[in-house]
Amino acid sequence: MQILVWVFEVLFISSLVGVFPLSLAETTSPGVCSEADRAALLAFKAKIVKDTTGILSSWIGRDCCGGDWEGVQCNPAGRVTTLALQGPVKDSSMYMKGTLSSSLGSLPFLQVLVISGMKLITGPIPDSFSKLTRLTQLVLEDNSLRGNIPSGLGLLSHLQTLSLAGNHLKGPVPPSLGNLRNLEMINLGRNSLSGPIPASLKNLHLLQSFDLSFNSLSGFIPEFIGQFRNITFIDLSNNQLSAHLPISMFNLVSLSYLSLSHNQLTGTIPEQVGNLKSLTSLSLSSNKFIGHIPASISRLQNLWSLNLSRNGFSDPLPDVSNRGIPSLLSIDLSFNNLSLGTVPKWITDRQLSDVNLAGCKLRGSLPRFTRPDSLSSIDLSNNFLTGSISTFFTKMTSLQKVKLSNNLLKFDLSELKVPDGISSIDLHSNQVCGSLSSILNNRTSSFLEVIDVSNNLISGTIPEFSEGLNLKELNIGSNKIAGQIPSSISNLIELERLDVSRNLITGTIPMSLGRLANLHWLDLSINRLTGRIPTSLLGIKFMRHASFRANRLCGEIPQGRPYNIFPASAYAQNLCLCGKPMLPCRGKKQETSQ
């Protein structure tokens, strides 16, 4: 869903003239840079103590308008009109460190100010920005800005785009932002803002995109939201909003994306939801909604993503005809008060990519899908499904993730024939038997990243691991697996999480385990392991959790972080482990933590 939000926002911002440097080229040659503007830019540069992007290294020479100063553009009179500095959000090595200089408020002709993705620019948003009265675009996303949003931003009457998302801003949403009557996009998401959505925002009649997600906003969704006739995107998810949905919201015939998930909203979904004829994505998950899912939802001709999971919706489901919701690709009804028994035909008979029906009280055999080749993700966990799995994956050529955990499935692993492109298999807490060698062998796909078959009846030994596997998570805990941990475990070079707890594993912990540099979770507890904990584990730098409890281990615990500062319970119930955090080894003086 986050990818979907990103796509909507990128498409919207791209459509606004002036956000990206390529769309800002002047049709006439700029004049020589104003000395006052040059000084303001250099004062900004002076406040940046480190720049790994290399952008500011181009800011040399006397003419900031000649095209050599990256991110700077000017008008024919030599006045700076654009400052657009954008860092790659996903590349942690590219950043600027420092603060925003108030000198930027001394650029009176500035129309576009974009400083985004710089990660380590901290401190407050300067009050001087309120003097940038020609500004149409203000984008300060994905930095580390702190403090309150200055109320003076409400003086920027020409502003069309305001995005302060992905910072550490706190306090209320300033009511003064309601003065920005030309605003088309506001994104204050991913901060720590609190308080209600101010009533003054009702004045933003031109608004097309409204994102206050991932904050701590409280109160109710205001009725005036139904006045935003041009709006296409609303994301108020991950807040503390409560009360019923305003009926006015369902008059927004241009609305394409609506996410209100992870709040405390109550009441029912009104029948008027069927009026949102442009809606393509609807997410109301993780709230306190009750009642029936309205039949009018079948009128949403453009809807392709529907997520109503983790609420209190009850039976019966609406009777959706073959022509209802014709664009639907993804559905999630998990963890409501639904007792479906079987998967409805209007779900199994259509071409879907994602089906999530966890905790819907499904019973009997696994369902058969009419178009299995379209499925990429299936979650039928926490139900009462029984029987075998031998033919379930037939023709599921696009399947990437499957979750069938917490059911009553009973089959041998040798019956499991999964598609070549699958990346995640979760079968934990069933009645699966057989040997791991059926799914972990030299034919195992390199696409497979997650295997969870814990809490089953699997026996045999842990097979040898060949090179080329890309497993990131392997959970085989709570089974009846015996034998030793093979030294070839070191071939799982991508492994981040390993759980072999509650089995019958013997032998020693292989030294080669220390080569798994990406490992951050290790659970070897409640087995029959002997010998020492190898010091090679000190080579794993990012270990956050490890448990060696209830084995037959002896000797000194590796005396380096994090092993000597894990709780003593991680080493309890062994033969004779010693050294921090346990008692000192005999004849050896305990040293202070390294």
Side-chain angles (χ1 to χ4, degrees), residues 88 90-94 399-403 413 416 418-428 435-454 458 460-479 481-503 505-525 527 529 531-548 551 553 557-558 560-564 566 570:
K90 292 186 178 180
D91 187 347
S92 60
S93 67
M94 302 282 277
L399 194 65
Q400 296 178 27
K401 295 183 179 181
V402 61
K403 190 171 184 179
L413 281 176
L416 188 63
V418 295
D420 291 339
I422 201 162
S423 64
S424 178
I425 302 172
D426 187 351
L427 299 171
H428 83 261
S435 171
L436 287 175
S437 59
S438 298
I439 56 172
L440 285 171
N441 49 56
N442 56 13
R443 298 184 303 278
T444 302
S445 169
S446 60
F447 292 105
L448 191 57
E449 295 183 348
V450 176
I451 295 177
D452 189 345
V453 290
S454 60
I458 297 168
T461 61
I462 301 175
E464 296 287 339
F465 297 99
S466 58
E467 295 182 1
L469 292 177
N470 290 307
L471 278 177
K472 292 183 177 179
E473 180 177 339
L474 178 59
N475 189 346
I476 58 175
S478 299
N479 279 288
I481 300 167
Q484 302 186 10
I485 301 173
S487 61
S488 59
I489 190 86
S490 60
N491 286 330
L492 303 180
I493 57 176
E494 302 293 333
L495 201 63
E496 298 173 1
R497 188 180 180 105
L498 175 63
D499 189 340
V500 301
S501 63
R502 298 178 184 272
N503 278 289
I505 297 170
T506 56
T508 59
I509 302 171
M511 291 280 291
S512 60
L513 197 62
R515 298 179 198 161
L516 300 180
N518 296 316
L519 202 64
H520 58 73
W521 178 286
L522 175 65
D523 195 340
L524 307 179
S525 63
N527 277 290
L529 293 166
R532 304 170 69 93
I533 299 174
T535 56
S536 63
L537 297 187
L538 291 169
I540 304 174
K541 300 300 182 185
F542 303 107
M543 188 74 78
R544 297 201 304 265
H545 170 90
S547 179
F548 305 90
N551 278 286
L553 299 169
I557 294 166
R561 288 178 181 266
Y563 303 96
N564 59 349
F566 279 143

Of all heavy-atom pairs between [X] and [Y], which one has the smallest distance, and what is that distance?
X	Y	answer
Asn479	Ser454	ND2-CA, 3.8 Å
Asn441	Ser438	ND2-O, 3.4 Å
Pro510	Ile489	CG-CG2, 4.2 Å

Run the side-chain contact (heavy atoms from CB on, under 4.5 Å) check on Glu449 and Ser424 step by step: do they pass? CA-CA 6 Å; Glu449 295 183 348; Ser424 178; over 6 Å; no
To the nearest 0.5 Å, tell me how far [X] [atom1] sits from [Y] [atom2].
X	Y	atom1	atom2	answer
Leu436	Ile451	CG	CD1	8.0 Å
Leu492	Leu440	CG	CG	8.0 Å
Phe447	Asp420	CZ	CG	8.5 Å
Ser487	Leu513	OG	CG	11.0 Å
Arg502	Ser525	CZ	OG	6.5 Å
Thr508	Ile533	OG1	CD1	12.0 Å

Quick one: does any side-chain atom of [X] pair with a main-chain N or O of [Y] as donor and acceptor, under 3.5 Å?
X	Y	value
Tyr563	Leu537	yes
Asn503	Ile481	yes
Asn527	Leu529	no

For Ser478, enumerate each residue passing the side chain to side chain donor-acceptor pair (under 3.5 Å) test, keeping only those at least two apart in sequence or located in another chain. none
Side-chain donor-acceptor distances from residues 539-548 under 3.5 Å, at least two apart:
none

Run the side chain to side chain contact (heavy atoms under 4.5 Å, CB included) test against [X] and tell me which residues pass, sequence neighbours left out.
X	value
Lys403	Asp379, Ser381, Ser405, Asp426
Thr506	Gln484, Arg528
Asn518	Glu494, Glu496

Would Leu516 and Leu522 count as a side-chain contact (heavy atoms from CB on, under 4.5 Å) here? Give the steps. CA-CA 11 Å; Leu516 300 180; Leu522 175 65; over 6 Å; no
Going by atom type alone, with no hydrogens or angles, which donor-acceptor pairs under 3.5 Å involve a side-chain atom of residues 461-476 and a protein atom two or more places apart or on another chain?
unit_1	atom_1	unit_2	atom_2	d
Glu464	OE1	Ser488	OG	2.5
Asn470	ND2	Ser446	O	2.9
Asn475	OD1	Gly477	N	3.1

Has Asp91 got more than 12 heavy atoms of other residues, nucleotides or ligands less than 6.0 Å from its CG?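 Yes, because the 6.0 Å sphere around CG of Asp91 holds more than 12 heavy atoms from other groups.
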Would Ile485 and Ile509 satisfy side-chain contact (heavy atoms from CB on, under 4.5 Å), going step by step from the backbone distance to the final call? CA-CA 7 Å; Ile485 301 173; Ile509 302 171; 5.5 Å; no
